Amino acid sequence: MSTSNTQSIAITNVLPNMPQLFGWLKSLQYPALGIACLLALWWVGGYMIETDPDLSAFSAFAPAPTFSALIDLVRSGEVWEPIGSSLYRILAGLVWGIVIGVPVGVVVGYFATALKVTNVPFQFLRMISPLAWMPIAVLGFDSWDSAIIFLIVMATVWPIIFSTAHGVRRIDPNWFKVARNLGASGFQMLHRIILPAIMTDVMAGIRLAVGVAWVVLVPAEYLGVTSGLGYAINDARDTLAYDYLAAVVLVIGVIGYCLDTICSVLIKRFNWHVE
C-alpha cells in the first residue's frame, strides 16, 4: 500500500471524530475564560500587595511565587502526604455520614410520625456549626484523627438525612400499594422501590455533604494533628512561607473541585429520569 493511501485512510479515520473534538473544545471556552479572569484578578491583587510598602511582606501570595512553590511541592513529594491524610479523614467521615444518614433519612421520609417527631430537633442540630462540636470531640475521643472524623460526620450527616428523606417523600404512594398487593416484603420494597427511586437525592445530599466537609476540614486540622492540608497551611503561616501557604490553598481548591465533579457525575449516573 502506498504512503498516500495510508495517509488518506488515517485522515478518513480521524474526520468522523473531528465534530466531537471541536464540540469538546467549544465547551471549554467559558471555563477557560473564567479561569483567565480569576488569574488576572489574582495577578492584579498580587501586584497591588507587592507595590504597597505596608503589605510587601506578603508579596509571595502572587501567582508566580505560588506556582513556583506548587511545583517544588509536587517535585519533592511533600504535597502527597498531607493530601492523603486529609482525604482519609474526609472519606472516613463521609462513610460514617452515609451509614448513619441514609437509613435515618429513609425512616424519617417513610414514616410520617418519625418526620413530625424529628423535624424540630434535627433542624436545630443542623444549624449548629460542625466546628462548635470541637470541645466535645476533643473530650470524647482519644485521638485527634477520631476527633476530626467526628467533626466531619457532624458536617455530612445532616445534608444526607434531609436529602434522603426528601427523596422518599417524593415517591408515588401508589408504588407502595402495588408492591404490597404483589406481596412484597419490607426489604423488597426497600431494595426494589425506595433505594432506586432515591439514589439521585442521596447523591445530591452527598454532594452537599462533601462541600461542607471540605470547608470544615481545614480549620478542623488546626487541632493537634501533624498532618493534613490544614496543618500544612498552619505550618506555612507560622514559618512565614506565604508562597507555600498559597500553593496549599490552590491544592485544596483543585481537590475540592475534583470531588464535587465526581459527585456531579455520579448524580447523572444514578438519575433514571428522562431529561
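Computed from a predicted structure; not experimentally measured.
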Given the rule that I, L, V, M, F, W and Y join up when any side-chain heavy atoms are under 4.5 Å apart, are [X] and [Y] in one cluster?
X	Y	answer
Y242	Y222	yes
V79	I71	no
I136	I128	yes
V251	L91	no
W133	V215	no

Contact check, side chains of [X] and [Y], non-hydrogen atoms, under 4.5 Å:
X	Y	result
N119	F124	no
V106	I198	yes
V218	V249	no
L217	I148	yes

Please give me the minimum heavy-atom distance between [X] and [Y], naming the atom from each residue.
X	Y	answer
S86	E221	OG-OE2, 3.0 Å
I152	G93	CG2-CA, 3.7 Å
V104	I161	CG1-CD1, 3.9 Å
L151	A220	CD1-CB, 4.0 Å
R237	N234	NH2-OD1, 2.6 Å
G97	V157	O-CG2, 4.1 Å

Next on the checklist: Which residues end up grouped with V95 if you chain together Ile, Leu, Val, Met, Phe, Trp and Tyr wherever their side-chain heavy atoms are less than 4.5 Å apart?
Outcome noted: V99
Can I get a per-line list of side-chain donor-acceptor pairs under 3.5 Å for residues 162-169, giving both atom names and the distance, sequence neighbours left out?
from : atom 1 : to   : atom 2 : distance (Å)
S163 : OG     : D201 : O      : 2.4
S163 : OG     : G205 : N      : 3.4
T164 : OG1    : I160 : O      : 2.7

Checklist entry - What orientation do F150 and F141 show, parallel under 30°, tilted 30 to 60°, or perpendicular over 60°? => result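 Ring orientation of F150 relative to F141: tilted.
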Checklist outcome for this item: Applied to residues 106-118, the side chain to side chain donor-acceptor pair (under 3.5 Å) test, sequence neighbours excluded, yields Y110-R180
Item to check | Where at least one partner belongs to residues 137-158, residue pairs that pass side chain to side chain donor-acceptor pair (under 3.5 Å), sequence neighbours excluded | outcome: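 As it turns out, the side chain to side chain donor-acceptor pair (under 3.5 Å) pairs with a partner in residues 137-158, which skip direct neighbours, are R89-D145, S143-S146.
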Taking [Y]'s backbone N and O only, do any of them form a donor-acceptor pair with [X]'s side chain (distance below 3.5 Å, no angle check)?
X	Y	answer
E81	S227	no
S85	P82	no
S76	D72	yes

Can you tell me how far the [atom1] atom of [X] sits from the [atom2] atom of [Y], to the nearest 0.5 Å?
X	Y	atom1	atom2	value
L33	L38	CG	CG	11.5 Å
S129	M134	OG	CE	8.5 Å
T226	Y231	OG1	OH	6.0 Å
S264	L259	OG	CG	12.5 Å

Next on the checklist: D260: which residues meet the salt bridge (charged side-chain N to carboxylate O under 4.0 Å, His left out) condition with it, sequence neighbours left out?
Outcome noted: R207
Checklist entry - Could you walk me through whether I90 and V210 pass the side-chain contact (heavy atoms from CB on, under 4.5 Å) check? => result CA-CA 8 Å; I90 280 288; V210 169; 5.5 Å; no
Checklist entry - Which pairs with one or both residues in residues 65-91 pass ring-ring contact (aromatic ring centres under 6.0 Å, His included), sequence neighbours excluded? => result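 Listed once each, the pairs are W42-F67.
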Next on the checklist: side-chain contact (heavy atoms from CB on, under 4.5 Å) for Y244 and T66? Distances and angles first, verdict last.
Outcome noted: CA-CA 7 Å; Y244 284 90; T66 298; over 6 Å; no
Next on the checklist: Evaluate I233 against I252 for side-chain contact (heavy atoms from CB on, under 4.5 Å), listing each step before the verdict.
Outcome noted: CA-CA 10 Å; I233 286 181; I252 291 173; 3.5 Å; yes
Item to check | Pair L229-W214, side-chain contact (heavy atoms from CB on, under 4.5 Å): steps then yes or no | outcome: CA-CA 11 Å; L229 295 169; W214 195 243; 4.0 Å; yes
Checklist entry - Are more than 12 heavy atoms from other residues, nucleotides or ligands located less than 6.0 Å from atom CZ of R126? => result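 Atom CZ in R126 is packed in, count exceeds 12.
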